[in-house]
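Proteins come first, then strands; the chains are lettered A, B, ... in the order of their sequence lines, and each starts at number 1. What you see is a predicted model, and the numbers here were worked out from it, not measured in a lab.
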Protein chains: 2
Amino acid sequence: MAAKKQPPVRDRQITSRILISAVGSLLAKKGFKGLGVNAVAREAGVDKVLIYRYFDGLPGLIAAFAQQEDFWPSTLEMAGGDLARFSGLPLDEKLSMFAASFIQALKKRPLTRAIMAWEMIEPNELTEELERVREESIMTFFQMFFAKDHAGIDLQALVMLVGAALSYLVIRSDNIDVYGGLDLATDQGWERISSVVNMVIQRVIPQE
Amino acid sequence: MAAKKQPPVRDRQITSRILISAVGSLLAKKGFKGLGVNAVAREAGVDKVLIYRYFDGLPGLIAAFAQQEDFWPSTLEMAGGDLARFSGLPLDEKLSMFAASFIQALKKRPLTRAIMAWEMIEPNELTEELERVREESIMTFFQMFFAKDHAGIDLQALVMLVGAALSYLVIRSDNIDVYGGLDLATDQGWERISSVVNMVIQRVIPQE
DNA sequence: GACATATGTCACCTGTCGGTGATATAAGCA
DNA sequence: TGCTTATATCACCGACAGGTGACATATGTC
């Protein structure tokens, strides 16, 4: 990390990119707690004044960072990687697929988990961007595949309830191994969680 | 806030209490971000050195604070206020009662919500204490009322799934008004959430 | 070549942080 | 009364935070 004392780059674009990616690595390394002007500049091996010159301060830099990454799973990813196949599935299988994909998507995005935790504490440019993208993505996904009425079931509330539960559990798994007797640290534990989600789906969705 | 320049109390017990409660009000006012030695002392209107003398540092003070408050709803509260009545209910009504009580319990504990958010970021004395109490309380509650097997349903996983979802939604409601189309800011929105929880319970629990 | 500009470094400001040693003052006791 | 001890204040330290103005150096243009 942090550049040596080599001749400076003298290229605004490159330096900007270095700063932006420094936000990412610092966030991954220290969490949002270590995210300050000095720390970012140090991580980038660049003078902090450039953060003010190029991004008008840390918030601007964070906003720039927020537009660069795929924080949130795409519709395709939430559909399990095959939209055509997904759209042909019966409703209950759609939901099970979504739940499983959602878990995997969050599990492989430590940065997203960190930001999701962050946004519960203090809203800022980064979390707002994540919220915006997420709300948009979820609504699109939902309207695309779950739009129809289903026997008086509040499908949206159900999906979001499951999404909330899975979000919480995945985020918690970064800090604790056991939650109310549920093992969050092993694949077996997550198998158990998936099973109960699928069981709920099976019993709630009217079979066509 | 913070005491004026009145004659000091010169009573260790009283001063200790002042410090402990300063932790609470500071936490409620500024969140965990403003929680430092200097800030607490300032809030208490007392010299910070007393934090070291009486509590051996901030962690000790936080630990003392943690043992003073009812962070987590009691078994009684989760049972809706009447244990005898609760234990006579059929399983599905027990679960519905639990869910409703749980929402209310969290809604009236802003400090608990702040700490729950905090524990996703950085474990410390306070969050560890909360986790300990919670895990203990939940397991007691669970064994007391949901011990029996129920037609092959993983009741524990189900309860914790619902608990996780509700925890997440209540915590989020401090920062956002809408989550995936769900209104977290109004009673109607929470009615909708309660409804879908109850619907799930009704369809999942085998009627006796 | 000379010059303006973009790029980057450096030194320094104020404020706050966690932490500590010396000192004042009141309370308890002989 | 005089003495010890507990209680609390004060002054200060080094480290780091965010932020800014002055300066150095390379690039591109004429």
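Between D11(A) atom CG and dG28(D) atom P there is a gap of 10 Å when expressed in whole angstrom units. Taking atom OH on Y54(A) and atom C1' on dA6(C), their separation rounds to 7 Å, with Å as the unit. Computed from coordinates, the L50(B) CG to dT23(C) C1' distance equals 14 Å when rounded to whole Å. D47(A) has its CG atom 15 Å from the P atom of dG21(D), to the nearest Å. Per the geometry, CD1 belonging to I51(B) stands 14 Å off C1' belonging to dT9(D), to the nearest Å. The CZ atom of F55(A) sits 16 Å away from the P atom of dG18(D) (whole-angstrom rounding). At whole-Å resolution of the value, CG in D56(B) and P in dG18(C) are 15 Å apart. When rounded to the nearest whole Å, the span between NZ of K48(A) and P of dG19(D) equals 9 Å.
OP1 or OP2 of dG18(D) sits under 4.0 Å from a side-chain N or O of N38(A). In this structure, T15(B) does not reach the dT7(D) phosphate: none of its side-chain N or O atoms is under 4.0 Å from OP1 or OP2. OP1 or OP2 of dA17(D) sits under 4.0 Å from a side-chain N or O of R42(A).
Ion pairing between E131(B) and R172(A) holds under the 4.0 Å rule for side-chain N and carboxylate O. Salt bridge present: E119(A) and R134(A) bring a charged side-chain N and a carboxylate O closer than 4.0 Å. Under 4.0 Å is where a charged nitrogen must lie from a carboxylate oxygen, and between R132(A) and E128(A) no such pair does.
When each of Q13(B) and V49(A) is assigned the nucleotide of DNA chain D with its nearest heavy atom, Q13(B) is the one assigned upstream, toward the 5' end.
For V37(B), the side-chain atoms get nearest to dG19(C) when compared with the rest of dG19(C), dA24(D), dA17(D). Considering only side-chain atoms of R53(B), the nucleotide from dA8(D), dT7(C), dG19(C) that sits closest is dA8(D).
At a threshold of 4.5 Å between non-hydrogen side-chain atoms, the residues W190(B) and V170(B) count as touching.
Residue-to-nucleotide contacts include a donor-acceptor pair under 3.5 Å from the side chain of R10(B) to the base of dT25(C).
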> Are Q156(A) and R192(B) close enough, and set up right, to give a side chain to side chain donor-acceptor pair (under 3.5 Å), and what steps lead you there?
Replying inline: CA-CA 10 Å; Q156(A) 184 176 23; R192(B) 189 176 170 198; 3.0 Å; yes

